Structure formats: structure tokens, C-alpha cells
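These figures come from a predicted structure and were not determined experimentally.
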Amino acid sequence: MKNEFENTCAVVTGGSRGMGAEVAKQLRALGCKVAVLARTADHHAGDLKIACDVADEQAQVAAFKQIAEQFGRLDYAFINAGVSTFGTIIDMDMKEWDKGTGINLRGAVISLRETARWMKKFGNGGSIITCCSLATFKPEKMIAPYNASKAALANVTQMAARELGAFNIRVNGIAPGLTKTDIIAGTESIKGYNEAVAQRTPLQQRLGEASDIADAVLKLWTVHWMTGQIIPVDGGLSLTTPTDISEFLK
């Protein structure tokens, strides 16, 4: 089977740990040069490591220019940088709202825009995958900023697919369920929550692993007649109703 990642270039945002780091690791093993954007460049996940706050537009513009100049092409992008944020509607702290939407939505849109600009300029097409969430389809209580940012990102992903298809650029999204990464660290202290989610996951009754998500991302990049789709990668968790954190805080 042909290895289509060999001698290509990818960018992974939020790639220093978790799902992003696993995607970068698997890509590099297949001969793809990987540029990783993360808040700190002190990690080992990429061939090119750039310290970048994705909410900073000019920092991202400079980072993508550096990637283009160093590698001379851009074939794949995993737009993954994100944060978990909490807030009910009644008690919404707008600083928390701005934090969540600033990184999960604004930052992702900047990444998507810069990726598309360079892919179009290089003229080789490409494939972009955004990291949405099951919250895109089934919003959970107490995480309004996260719900809103991920739902909006899914919409932008589909809009971009329509606009960029003319340049042979595919744009899809994945919607992970609860996955063992740093972003869910706060849920580990909520007694019974993670266990309840695992029990309601039809496939193997466990939480997702970063490797599960990376496996899906790499396979989705190789599907050439698909664009504008948001694919749950969740072990079947989306077949059940949401397991709200609020149920475990009483």
C-alpha cells in the first residue's frame, strides 16, 4: 500500500501533547515533516517547533510563513489547539467565554485561514481536519463557551469545505468523545463522572485514547472523496444522551 505521507508537510496546532502530539508522532513515522504550533516550543513532537498562542493573529501569520519558507509546501493540517472552559448561562463570566471562544474558535479560524491561503498558493491541494467535539451535536450543561465554540467551528469547517473545494482542498472535522488528554484533567476530580461516561460508551466501555483519535485523523486524511463532514470518533458515545457534569456535583 502506498504511503502518501512520505515527503509531505503537515501542521498541527496544539501539537505538544495529547491528541496533537500523537498525530505528529504518527505522521513523522510515515516520513511526513511536521510543524507543531504550541504555547511552548519546549517539546519533541515536531520537526519544526514554533511557540505560538493561536489566539494571537500576527503570531500565527508569522508561524505559517515560517513553515512555508522552511518546507516549501503544506499538504495537511490538524487544527487541534483548544481549551476546556466552564460556565452556565446564569453565572456566565464573560472572561471565561472570551477565553474559550478566543482559542477554540477564533484561533482555529485563523489557523484554517492561514492553512488555506498557503495551500492555495502552493497549488497542490491538501486536506484540513478541525478538532470539533461531541458537544457540537449534543451540548452539555455547564460548558457553554466550549459548546458554542465547537458548534461554530463545525459550521465554519463546512463553509470552508464549500469554498475551498475548487482548489482541491478538503476540509473535514472530527468530533471526539471524552478522551484521556490534559484537557479533561478537571473531570478526574469529579467523583464518578469519567466512569459513568466510560460505562455509556458502547465500544469497550472506556474513554478514548489519544492514539484512537490520531488513527482516525490519519485515515481521514487519506479519504479523497470526502469534504465538509464532521465525524464522531467516540467509541459510540454519541449514540447515548449527554452525561452532564452537573449530575455529579450535587
Side-chain angles (χ1 to χ4, degrees), residues 10-24 34-39 45-46 50-65 67 74-85 96-120 126-137 139 143-164 169-177 179 181-184 210 213-214 216-217 220-221 227-233:
V11 60
V12 177
T13 70
S16 64
R17 55 190 180 179
M19 295 184 291
E22 185 64 26
V23 168
V34 182
V36 167
L37 272 60
R39 286 183 177 272
I50 303 174
C52 179
D53 179 353
V54 297
D56 184 333
E57 181 179 10
Q58 293 309 309
Q60 282 216 66
V61 170
F64 274 86
K65 183 179 179 183
I67 294 166
L74 183 55
D75 305 281
Y76 305 101
F78 182 37
I79 299 174
N80 167 69
V83 293
S84 58
T85 50
E96 188 78 353
W97 177 274
D98 291 342
K99 173 186 174 183
T101 58
I103 295 174
N104 296 344
L105 179 58
R106 185 176 187 274
V109 169
I110 296 169
S111 300
L112 179 54
R113 182 193 72 189
E114 292 305 301
T115 299
R117 285 177 173 177
W118 282 106
M119 284 183 172
K120 179 184 175 183
S127 184
I128 303 169
I129 296 176
T130 62
C131 191
C132 300
S133 168
L134 287 192
T136 298
F137 310 110
I143 55 171
Y146 187 81
N147 291 331
S149 61
K150 292 299 186 177
L153 179 58
N155 185 282
V156 172
T157 297
Q158 293 179 319
M159 178 207 71
R162 296 191 65 187
E163 293 185 354
L164 299 176
I169 299 172
R170 308 186 304 278
V171 191
N172 293 289
I174 59 165
T179 306
T181 65
D182 291 349
I183 202 170
I184 70 161
I213 308 304
V217 170
L220 185 54
W221 269 327
T227 197
Q229 304 305 307
I230 312 299
I231 310 298
V233 184

Between V34 and V12, does a side-chain contact (heavy atoms from CB on, under 4.5 Å) hold up when you go through it step by step? CA-CA 7 Å; V34 182; V12 177; 4.0 Å; yes
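- Using a distance-only test at 3.5 Å, with no hydrogens or angles considered, a donor-acceptor pair links the side chain of Q229 to the main chain of T227.
- Atom OG of residue S84 and atom CG of residue N104 lie 8.5 Å apart, to the nearest 0.5 angstrom.
- Counting only N and O atoms by type, the side chains of S111 and T13 include no donor and acceptor under 3.5 Å apart.
- In this structure, L220 CG and R170 CZ are separated by 8.0 Å, a value rounded to the nearest 0.5 Å.
- The shortest non-hydrogen separation linking A24 to A45 is CB-O, 3.2 Å.
- The two residues K150 and S133 make their nearest non-hydrogen contact at CG-CB, 3.8 Å.
- The side chain to side chain contact (heavy atoms under 4.5 Å, CB included) test with V233 is passed by exactly one of T179, I174, V217: I174.
- Using cut-offs of 30° and 60° on the angle between ring planes, the pair W221 and Y76 is tilted.
- Closest heavy-atom contact between G126 and M119: CA-SD, 3.8 Å.
- Atom CG of N147 and atom CG of L134 lie 11.0 Å apart (nearest 0.5 Å).
- By the 4.5 Å heavy-atom criterion applied to side chains, R106 and T101 are not counted as neighbours.
- Residues G107 and Q60 share a closest heavy-atom pair of O-NE2, 2.9 Å.
- Side-chain contact between T157 and I79 is absent, with no heavy atoms from C-beta onward closer than 4.5 Å.
- Between T115 and F64, some side-chain heavy-atom pair lies under the 4.5 Å cut-off.
- Looking at V61 and E114, their side chains come closer than 4.5 Å, going by heavy atoms from C-beta outward.
- Minimum heavy-atom separation, A116 to I169: O-CD1, 4.1 Å.
- Side-chain contact between V171 and L112 is present, with heavy atoms from C-beta onward closer than 4.5 Å.
- Residues A148 and W97 approach most closely at CB-CH2, 3.6 Å, considering heavy atoms.
- The pair R113-E57 counts as a salt bridge, with a side-chain nitrogen and a carboxylate oxygen less than 4.0 angstrom apart.
- Note that the CD atom of E96 and the OG1 atom of T85 stand 5.5 Å from one another [nearest 0.5 Å].
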Can you check side-chain contact (heavy atoms from CB on, under 4.5 Å) on I230 and Q158, steps first, answer last? CA-CA 8 Å; I230 312 299; Q158 293 179 319; 4.0 Å; yes
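- Annotation: the span from L153 atom CG to C131 atom SG amounts to 8.5 Å, rounded to 0.5 Å.
- The shortest side-chain heavy-atom distance between I103 and R39 falls under the 4.5 Å cut-off.
- Considering CG of L164 and CE of M159, their distance stands at 8.0 Å, rounded to 0.5 Å.
- No side-chain heavy atom of I67 sits less than 4.5 Å from a side-chain heavy atom of W118.
- Within the 4.5 Å cutoff, no side-chain heavy atoms of V54 are placed close to those of I110.
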